[in-house]
A.B. asks: 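Below is a structure I'd like to ask you about.
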Amino acid sequence: MSLIDRIKQQILQDGYVTVAALMHQALYDLQDGYYQSKDPVGKDGDFITAPEISQLFGEAVGVWCLQQWQQLGSPDSFYLVELGPGRGTLMADVLRTVRVVPAFMKGASVHLIEVSMPLKSRQKQTLATYNIRWHESLESLPTDKPCIVIANEFLDALPVRQFQYTDAAWHERVVRMDNEQNMMFCQMDKTTHIGNAYLPEESAVDGNVLEICDAAHSLCVKLYKRLVEQTGAALFIDYGYVDNAYGDTLQAMKQHKHTAVFDTLGKADLTCQVNFGIIRHIAEQQGLHATLNSQRDFLLQFGIRERLATLYKNTHAEQQQALLVAYQRLTSPEKMGLLFKALSIASTH
């Protein structure tokens, strides 16, 4: 039975599935989930991430890692962790960058958190010269040393619940079947109290859609607790918004184009924008230091312009043009520069 048929069967059995349940099954089903079936990254895949655009991105993240390590007191043994490492390109660029500080390389134990078998296979190829350990979740990551964690375009793929404001009350949005046995979005008749102190419930008007990513909140609570107890730092880079906002941001991407959510379940990437305000607030509640910038400002702070100048001097005209195009794509306010945010969390100043 196909993934879509199994989802429809679940809907017929229970009457509906939540948006979060739909996303989880479409993305992470062990048999037919999107991340279990293919390598989705790159020009031949469905989307491209910043590390695949240019080495400039990963090198800036590498400089951030070095700074955090120094602020932690340059520990002689620590965990360098990536959540959702894609093809391994970001970690490869980071490790190449930090080689200029041998003590960092000597002390780093590299751990990757990955659930996708195709991507894990690709990571093993990309990082074949390094001693890497893989995990399927944070739970199996050791807790006896400081840790430096990076996560690029990881939070946006975690399942999100949606709620719609109607007649002065919140109703959870769900997926049901219409008379032709096609899936459709609708809302529950019963009202829902959104017991979430971070969200602007009192300002809603009819029709507003609110997204809550319980999976991201839970993961951050666990991770931030580690940063407090072990000391460490974390960097989340993703597309999203700073202040609480209303809107349906669920989208499906296939072959670099938007597609209908229900038409390509298990065959297309599903994402929602990240509420960075909440992710930052959870960190501050734990007593951690949180710095939130646009991707543009983060990359400029950690030397992307200077690195561009160095590479530019040592390449020929065609490569120079490619470098400039990539730089503009990563930093331009009209492209990724402002839409993508960078949240740096640290246990120390």
A.B. asks: Mind checking whether Phe302 and Val61 have side chains closer than 4.5 Å, heavy atoms only?
C.D. replies: no
A.B. asks: Is the shortest heavy-atom distance from the side chain of Phe262 to the side chain of Leu22 under 4.5 Å?
C.D. replies: yes
A.B. asks: Test His111 against every option in Tyr79, Tyr130, Trp134 by the ring pair (Phe, Tyr, Trp, His ring centres under 6.0 Å) rule and name the one that passes.
C.D. replies: Tyr79
A.B. asks: Between the side chains of Gln71 and Thr348, does any donor sit under 3.5 Å from an acceptor?
C.D. replies: no
A.B. asks: For the residue pair Glu334 and Ser332, confirm or rule out a side-chain donor-acceptor distance under 3.5 Å.
C.D. replies: yes
A.B. asks: How about CZ on Phe47, more than 12 heavy atoms from neighbouring residues, nucleotides or ligands closer than 6.0 Å, or not?
C.D. replies: yes
A.B. asks: Looking at Asp5 and Lys8, is any side-chain nitrogen of the basic one under 4.0 Å from a carboxylate oxygen of the acidic one?
C.D. replies: no
A.B. asks: Please confirm whether the backbone N or O of Gln164 pairs with a side-chain atom of His171, one donor and one acceptor, at under 3.5 Å?
C.D. replies: no
A.B. asks: Between Trp69 and Phe78, how do the two ring planes meet: parallel, tilted or perpendicular, split at 30° and 60°?
C.D. replies: tilted
A.B. asks: Between the side chains of Thr249 and Tyr241, does any donor sit under 3.5 Å from an acceptor?
C.D. replies: no
A.B. asks: Between Leu311 and Leu56, does the side chain to side chain contact (heavy atoms under 4.5 Å, CB included) criterion hold? Intermediate values first, please.
C.D. replies: CA-CA 9 Å; Leu311 291 174; Leu56 293 168; 3.8 Å; yes
A.B. asks: Is a donor from one side chain sitting under 3.5 angstrom from an acceptor on the other, for Gln319 and His316?
C.D. replies: yes
A.B. asks: Does the pair Met183 and Val17 meet the rule for a side chain to side chain contact (heavy atoms under 4.5 Å, CB included), with working shown?
C.D. replies: CA-CA 10 Å; Met183 285 181 277; Val17 296; over 6 Å; no
A.B. asks: Applying side chain to side chain contact (heavy atoms under 4.5 Å, CB included) to Arg226 and Leu141, what does each step give before you reach the verdict?
C.D. replies: CA-CA 10 Å; Arg226 284 173 177 256; Leu141 185 70; 3.8 Å; yes
A.B. asks: What's the shortest heavy-atom distance between Gly86 and Glu114, and which atoms?
C.D. replies: N-OE1, 4.0 Å
A.B. asks: Name all residues meeting the side-chain contact (heavy atoms from CB on, under 4.5 Å) criterion together with Ala233; count only those two or more places apart in sequence or in a different chain, and write none if there are none.
C.D. replies: Trp64, Gln68, Ala346
A.B. asks: Are Tyr165 and Met188 joined in one hydrophobic group, where the rule is that I, L, V, M, F, W and Y side chains link up if heavy atoms are under 4.5 Å apart?
C.D. replies: no
A.B. asks: Please list, one pair per line, the donor and acceptor atoms closer than 3.5 Å that link side chains of residues 149-163 to other protein atoms, with sequence neighbours excluded.
C.D. replies:
unit_1, atom_1, unit_2, atom_2, d
Arg161, NE, Glu172, OE2, 3.2
Arg161, NH1, Asp214, OD2, 3.2
Arg161, NH2, Glu172, OE1, 3.2
Gln162, OE1, Arg173, NH1, 2.9
Gln162, NE2, Glu211, OE2, 2.9
Gln162, NE2, Asp248, OD1, 2.8

A.B. asks: Applying a strict under-4.5 Å side-chain criterion to I, L, V, M, F, W and Y, I'd like to know whether Val221 and Leu223 cluster together.
C.D. replies: yes
A.B. asks: I'd like to know if Asp32 pairs up with Arg6 as an ion pair, taking the criterion as any Lys NZ or Arg NE/NH1/NH2 lying under 4.0 Å from an Asp or Glu carboxylate oxygen.
C.D. replies: yes
A.B. asks: Over all heavy atoms of both residues, which pair between Ala268 and Lys254 is shortest? Give the atoms and the distance, please.
C.D. replies: CB-CB, 4.0 Å
